Amino acid sequence: MSIHILTLDNPREDIAYIDELMSLVERARADNASPYMYPNGRDFYAGNLAGATINILAIKEDSLVAYAALRKMSPWPEYLGLPNVDPQSCALMLLNLVDPEYRGRGIGQQLASARITAARAHGFKHLFATVHPDNIASNQVLERQGFHRVAQQPMFSERLLRNLMRLDLTD
Ligand SMILES: CC(C)(COP(=O)(O)OP(=O)(O)OC[C@H]1O[C@@H](n2cnc3c(N)ncnc32)[C@H](O)[C@@H]1OP(=O)(O)O)[C@@H](O)C(=O)NCCC(=O)NCCS
C-alpha cells in the first residue's frame with residue numbers, strides 16, 4: 001500500500017480539501033471504534049485548513065485516508081492550568097484521525113512523526129497532546145513517539161477526562 005504523507009502549506013488553496021476531510025470525519029464518526037473524538041463541526045475543520053493549524057494528510061491514490069493537526073499553544077488554554085514553560089515555545093498536537101479501514105497499519109504513527117518534524121521546523125521546543133486514558137491506540141502512538149503523561153484531569157467545558165502528554169524537542 002503506497003501512502004503519501006503531505007504537510008499542507010498553502011491555506012488559500014488547502015480549503016479545497018474540506019469536503020474530503022468532512023467525509024473522512026463522517027466515516028470515522030460512524031465507526032464505533034472512534035468514541036474519543038471531540039465533536040467538532042465543518043467550521044472548525046475549515047478554519048484549520050484556512051490556516052488555524054498546520055495540517056497533515058495521508059493520501060492513498062488521490063483519496064484522503066487520514067488527517068492530523070498541530071497548532072501553536074499561545075495563548076495557553078485555561079483548561080491546562082499554569083504552564084511551567086514559555087507558551088510561545090509550545091505547540092499542541094490535536095486530532096489524529098485515520099479512516100477506520102486503514103487503522104493498524106502505522107499511519108497514525110506516521111502522522112504523529114510528521115507533526116513532530118513540522119513542530120521542529122517551526123522552532124517549537126515543547127509538544128503537548130491530550131488524549132482519553134482509554135484510547136489505547138492513541139496513547140500508544142504518543143508513547144511510541146516519546147511523549148509521557150504529565151497530568152490526568154477533566155478538560156474542556158464538557159469535562160472530558162484526558163491525559164496531558166508532553167514531549168520536549170531536543171536539538
Ligand atoms: C488513534 C489512531 C489515530 C491510531 O491510528 P492507526 O493508524 O490505527 O495507528 P498505528 O497503526 O500507527 O499504531 C497504533 C498503535 O497502537 C497499537 N494499538 C492499537 N490498538 C491497540 C489495542 N487495542 N491494544 C494495544 N495496542 C493497540 C498498535 O499496536 C500500534 O502500536 P505500535 O506502533 O507500538 O505497534 C486511530 O485509531 C484513530 O483514528 N482512532 C479514532 C480517532 C481517535 O481517537 N483519534 C485520537 C484522538 S483525536
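Sequential numbering from 1 along the given sequence is applied to the chain's residues. Here the structure is a predicted model, which is why all the values come from computation and not from measurement. In each ligand, atom 1 is the first atom listed, and ligand 1 is the first ligand listed.
Residues N139 and M165 meet the side-chain proximity criterion, which asks for heavy atoms closer than 4.5 Å. Looking only at side-chain heavy atoms (C-beta outward), T7 and L57 stay at 4.5 Å or farther from each other.
Regarding atom 21 (C) of ligand 1, its nearest protein heavy-atom neighbour is I136 CG2, 3.8 Å. Nearest protein neighbour of atom 19 (C) of ligand 1, counting heavy atoms only, is A137 CB, 3.5 Å. Closest to atom 47 (C) of ligand 1 among all protein heavy atoms lies N135 ND2, 3.9 Å. Ranking the protein heavy atoms by distance from atom 3 (C) of ligand 1 puts N96 O, 3.3 Å first. Among protein heavy atoms, atom 38 (C) of ligand 1 sits closest to R103 NE, 3.3 Å. The single protein non-hydrogen atom nearest to atom 14 (C) of ligand 1 is V141 CG2, 3.9 Å, given as residue, atom name and distance. For atom 11 (O) of ligand 1, the closest non-hydrogen atom on the protein side is G106 N, 2.8 Å. In terms of protein heavy-atom proximity, atom 33 (O) of ligand 1 is nearest to Q109 NE2, 2.8 Å.
Contacts between Q140 and ligand 1 below 4.0 angstrom, taking non-hydrogen atoms only, involve the side chain exclusively. When non-hydrogen atoms are compared, ligand 1 lies under 4.0 Å from the backbone of R105 (N, CA, C, O) but not from its side chain. Only the side chain of R144 comes within contact range of ligand 1, with a heavy atom under 4.0 Å; no backbone atom does.
For atom 29 (O) of ligand 1, no protein non-hydrogen atom is found at a distance below 4.0 Å.
Atom CD of E26 has more than 12 neighbouring heavy atoms from other residues, nucleotides or ligands inside a 6.0 Å radius. Atom CG of D62 has 12 or fewer heavy atoms from other residues, nucleotides or ligands within 6.0 Å.
Near L95, with a cut-off below 4.0 Å to any heavy atom, the atoms of ligand 1 are 48 (S).
Placement of L164 and V141 in two distinct hydrophobic clusters is found when ILVMFWY residues are connected by side-chain heavy-atom separations under 4.5 Å, directly or transitively. One hydrophobic cluster, built from ILVMFWY side chains closer than 4.5 Å, holds both M93 and L167.
In terms of polar-atom proximity, V98 is counted as a contact of ligand 1, with an N or O under 3.5 Å from an N or O of the ligand.
Considering only non-hydrogen atoms, atom 8 (O) of ligand 1 lies nearest to G104 out of G104, A66, G108.
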Indicate every side-chain donor-acceptor pair of residues 142-149 with a distance under 3.5 Å to a residue at least two apart or in another chain.
from: Q145; atom 1: NE2; to: Q109; atom 2: O; distance (Å): 3.2
from: Q145; atom 1: NE2; to: Q109; atom 2: OE1; distance (Å): 2.9
from: H148; atom 1: ND1; to: R166; atom 2: O; distance (Å): 3.3

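In this structure, H126 has no ring pair (Phe, Tyr, Trp, His ring centres under 6.0 Å) partners at least two apart in sequence or on a different chain.
With 3.5 Å as the limit, one finds no donor-acceptor pair spanning the side chains of R71 and T53. One side chain, N48 or Y67, offers a donor N or O that lies under 3.5 Å from an acceptor on the other.
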